[in-house]
Amino acid sequence: MSYTHIYCGDGKGKTTAAIGLAVRMAGCGGRAVLVRFLKNDDSGEVEALRQIKGITVIPCRKTFGFTWQMTEEQKREAADFYRDLFKEASDTALRCANEGQTLFVMDEVCAAVRSGLLEKEQILEFLDSCPENLEVVMTGRDPVPEFTERADYISEIRKIRHPFDDGVAARKGIEY
């Protein structure tokens, strides 16, 4: 049976939890496919994950900056890019699932949908047609109700305190 996991909330650790699950799957002889939305590949885990047998990281070849700073034209370009990125990643995950148990991590997919840069219907169609041996993980703040209705696991990560609140910038190796 295929299960869907959501790691959501305003706290730090959603991506970290999803990556931990991908490493666990690979360590048990399964496959994991990871795609990242709204982020670039300049994050410490990307290179490490690429070195793990059984894990495929779909490269994010383009970045667009913060959604609230984008022009309408940039938002349209980003939406086209993310639609194609999702298609590439989901096709890869389905191919891997044909070979055995696979975990498909869609990092920041909830935020990409909420910000209008990825179509909810595209994700829902995929979720509703997943084969039994494909487990799906979605991360990001504020998942849409249609995602939570379909989820078998939902973990909310809540921020209690974070150095960002005191003006500390993201630190390499910790936040990215």
Side-chain angles (χ1 to χ4, degrees), residues 2-22 25 32-46 49 57-58 60 62-90 93 103-130 134-171 174-176:
S2 175
Y3 289 96
T4 299
H5 308 240
I6 294 177
Y7 295 112
C8 59
D10 64 355
K12 177 188 177 329
K14 298 176 287 292
T15 298
T16 305
I19 287 169
L21 198 53
M25 177 61 78
V33 175
L34 177 79
V35 63
R36 301 157 47 88
F37 300 99
L38 309 178
K39 295 180 174 179
N40 62 33
D41 284 352
D42 185 33
S43 192
E45 70 272 11
V46 173
L49 288 170
V57 180
I58 305 298
C60 187
K62 207 168 191 186
T63 58
F64 299 92
F66 294 113
T67 55
W68 62 87
Q69 295 174 331
M70 289 183 195
T71 65
E72 289 306 311
E73 183 178 327
Q74 289 169 322
K75 287 179 183 178
R76 282 191 297 278
E77 181 185 352
D80 289 344
F81 174 78
Y82 290 133
R83 180 192 59 240
D84 293 345
L85 183 64
F86 173 76
K87 177 78 168 105
E88 176 187 356
S90 60
L103 183 77
F104 180 33
V105 176
M106 295 185 280
D107 190 31
E108 292 296 348
V109 70
C110 297
V113 167
R114 278 281 183 193
S115 65
L117 299 180
L118 197 55
E119 292 182 17
K120 169 179 62 177
E121 293 74 20
Q122 186 180 22
I123 308 302
L124 294 174
E125 182 181 319
F126 176 81
L127 291 175
D128 291 342
S129 64
C130 277
L134 182 61
E135 197 106 351
V136 176
V137 178
M138 301 189 297
T139 74
R141 296 176 184 224
D142 301 319
V144 294
E146 294 89 342
F147 289 177
T148 58
E149 290 164 7
R150 286 167 173 78
D152 302 288
Y153 299 82
I154 300 176
S155 297
E156 183 175 12
I157 299 174
R158 184 171 60 99
K159 180 187 77 137
I160 296 172
R161 181 178 302 129
H162 195 293
F164 281 158
D165 299 337
D166 295 326
V168 176
R171 298 171 300 138
I174 302 298
E175 278 84 28
Y176 71 97

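Computed over heavy atoms, backbone and side chain alike; hydrogens, waters and symmetry mates excluded.
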So, do [X] and [Y] sit near enough that their side-chain heavy atoms are less than 4.5 Å apart?
X	Y	value
Leu34	Ile58	no
Leu21	Leu103	yes
Asp10	Glu156	no
Val136	Phe126	yes
Val137	Met106	no
Phe81	Leu117	no
Leu85	Arg36	no
Met138	Leu127	yes

Of all residues at least two apart in sequence or in a different chain, which pass the side chain to side chain contact (heavy atoms under 4.5 Å, CB included) check with [X]?
X	answer
Glu72	Lys75, Arg76
Glu119	Glu121, Gln122
Arg161	none

What pair of heavy atoms forms the shortest contact from [X] to [Y], and how long is it?
X	Y	answer
Ala151	Ile6	CB-CD1, 3.7 Å
Ala170	Tyr176	O-CE2, 3.6 Å
Val113	Phe147	CG2-CZ, 3.9 Å
Thr15	Lys39	OG1-NZ, 2.8 Å
Leu38	Glu108	CD1-O, 4.2 Å
Cys8	Pro143	CB-CD, 3.7 Å

side-chain contact (heavy atoms from CB on, under 4.5 Å) between Lys12 and Lys159, intermediate numbers included: CA-CA 7 Å; Lys12 177 188 177 329; Lys159 180 187 77 137; over 6 Å; no
Going from [atom1] on [X] to [atom2] on [Y], what distance comes out if it is rounded to the nearest 0.5 angstrom?
X	Y	atom1	atom2	result
Ile157	Thr16	CD1	OG1	8.0 Å
Tyr82	Cys60	OH	SG	5.0 Å
Tyr3	Cys130	OH	SG	13.5 Å
Thr4	Ile123	OG1	CD1	11.5 Å
Phe66	Ser115	CZ	OG	12.5 Å
Ser43	Ile19	OG	CD1	7.0 Å

Short side-chain donor-acceptor distance under 3.5 Å, Lys14 and Ser155: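 No, because no side-chain N or O of Ser155 sits under 3.5 Å from a partner of the opposite role on Lys14.
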Any residue meeting salt bridge (charged side-chain N to carboxylate O under 4.0 Å, His left out) with Arg83, in chain and number order, not counting sequence neighbours: Asp80
Exceeds 12 heavy-atom contacts within 6.0 angstrom, atom NZ of Lys87: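 Atom NZ in Lys87 is not crowded, with 12 or fewer foreign heavy atoms closer than 6.0 Å.
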Heavy-atom neighbours of Gln74 CD exceed 12 at 6.0 Å: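 Correct, the count exceeds 12.
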Qualifying side-chain hydrogen bond (donor to acceptor under 3.5 Å, both in side chains) pairs with a residue from residues 134-151, counting only residues at least two apart or across chains: His5-Glu135, Asp107-Thr139, Lys120-Glu146, Asp128-Arg150
Glu88 side-chain N/O to Asp84 backbone N/O, donor-acceptor pair under 3.5 Å: no
Heavy-atom donor-acceptor pair, Asn40 side chain to Asp42 backbone, under 3.5 Å: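 Yes; at least one donor-acceptor contact below 3.5 Å.
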For Phe164, all residues meeting ring-ring contact (aromatic ring centres under 6.0 Å, His included), sequence neighbours excluded: His162
Check: Tyr153 ring centroid to Tyr7 ring centroid under 6.0 Å: no
